[in-house]
Amino acid sequence: MVYQTFCDMTTAGGGWTLVASVHENSVYGKCTVGDRWSSQQGNNANIPDGDGNWSNRNTFGTAESATSDDFKNPGYYDIVAEDMSVWHVPNTFALEHWNLAAILRYHTNNRFLRLYGGTSLSSSSNRRPAITIVYDHGDRESTTKLYGPNPRREFEAGFITFRAINNERAAMAICSGVKPTGCNSETYCIGGGGYFPEYPPHQCGDFPAFDWDRLGQSQGWSASKEMTEAAVLLFYR
Ligand code: G3P
Ligand code: CA
Ligand code: CA
């Protein structure tokens, strides 16, 4: 398999391959075009798995445009990985500036993916692991502040969590940087299926309810503009 990607050969000894980016092109889109990590088919109870891209072998986008649109390459399902690294990079930044522009960078170092056959993201497991992270830029406090005041009361920063379930039993794919301790995970976890039952269709999307209070300025349930307008880049090694 030959494909273009981006590698980080610096962080913690290097060897990190970019396999995906989760980009929110419009938090007001509600499972419309561009919502590849949830659904582009509308908030629909009949399509609970949405576009299915967390677990299928579909690929899309290019590495260069990973901060301007969604990206997924064959490495996502081909690489037998041990650890994950995540960069939150402001939208549209050019590849050569990602490292410096990132608002958060962190990685796991306990080889947790070995427990999940090397690809936890594509696993359909119902387990909900929270993996401790090591920060490369930012810290638990800056992670917490990137989200709204209400979400801050229901998560703990310093983790990557998979498959969070919210109050209405909608599943989100990944809570990157945090471990939920409450159930409004639509305000701090990303990706998931194609049906979000609370106030339909308002929580459906790649960053489900990151701007719930429609302020975009870190009030109520709304994350900061920095967070809502930053792509989440996922690396494997
Ligand atoms: O996800 C946040 C939402 O459940 C908050 O609801 O009624 O406080 O705006 P409400
Ligand atoms: Ca998207
Ligand atoms: Ca809620």
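Indexing begins at 1, ligand by ligand and atom by atom, following the structure's order. FYI, side chains are in, hydrogens and waters are out, and symmetry mates aren't considered; it's all heavy atoms of this structure. We're numbering straight along the sequence, starting at 1.
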Whether Phe60 and Trp37 hold their rings parallel, tilted or perpendicular, with breakpoints at 30° and 60°: perpendicular
Under 3.0 Å from the Ca ion (ligand 2), the protein N, O or S atoms, given as residue and atom: His23 O, Gly34 O, Asp70 OD1, Asp70 OD2, Asp206 OD2
Between Asp83 and Thr108, a side-chain donor and acceptor under 3.5 Å: yes
Any donor-acceptor N/O pair, Ser39 side chain to Gly194 backbone, under 3.5 Å: no
Ring geometry between Trp87 and Phe6 (parallel below 30°, tilted from 30 to 60°, perpendicular above 60°): perpendicular
Distance filter under 3.0 Å, centred on the Ca ion (ligand 3) - protein N, O or S atoms that pass it: Asn184 OD1, Glu186 OE2, Glu198 OE1
side-chain contact (heavy atoms from CB on, under 4.5 Å) between His88 and Tyr106, worked out: CA-CA 9 Å; His88 296 251; Tyr106 47 83; 2.7 Å; yes
Heavy-atom check, side chain of Leu113 versus side chain of Met84, under 4.5 Å: yes
Steps toward side-chain hydrogen bond (donor to acceptor under 3.5 Å, both in side chains) verdict (Asn184, Glu154): CA-CA 8 Å; Asn184 292 291; Glu154 54 168 87; 2.9 Å; yes
Charged N-O contact under 4.0 Å between Asp69 and Arg36: yes
Distance dump, ligand 1 polar atoms to protein, N/O, under 3.5 Å:
{"residue": "ligand 1", "atom": "1 (O)", "partner": "Glu186", "partner atom": "OE2", "Å": "2.4"}
{"residue": "ligand 1", "atom": "4 (O)", "partner": "Asn184", "partner atom": "OD1", "Å": "3.2"}
{"residue": "ligand 1", "atom": "4 (O)", "partner": "Glu198", "partner atom": "OE1", "Å": "3.2"}
{"residue": "ligand 1", "atom": "4 (O)", "partner": "Glu198", "partner atom": "OE2", "Å": "2.7"}
{"residue": "ligand 1", "atom": "9 (O)", "partner": "Trp212", "partner atom": "NE1", "Å": "3.1"}

Name of the residue among Thr228, Asp211, Asp213, Thr187 meeting side chain to side chain donor-acceptor pair (under 3.5 Å) with Ser222: Asp211
All pairs passing side chain to side chain donor-acceptor pair (under 3.5 Å) where residues 136-145 contributes a residue, at least two apart: His107-Asp136, Tyr135-Thr143, Asp139-Ser142, Glu141-Lys145
Pair Tyr147 + Phe155: ring centers closer than 6.0 Å: yes
OH (Tyr3) with more than 12 external heavy atoms under 6.0 Å: yes
More than 12 heavy atoms of other groups within 6.0 Å of Gln4 CD: no
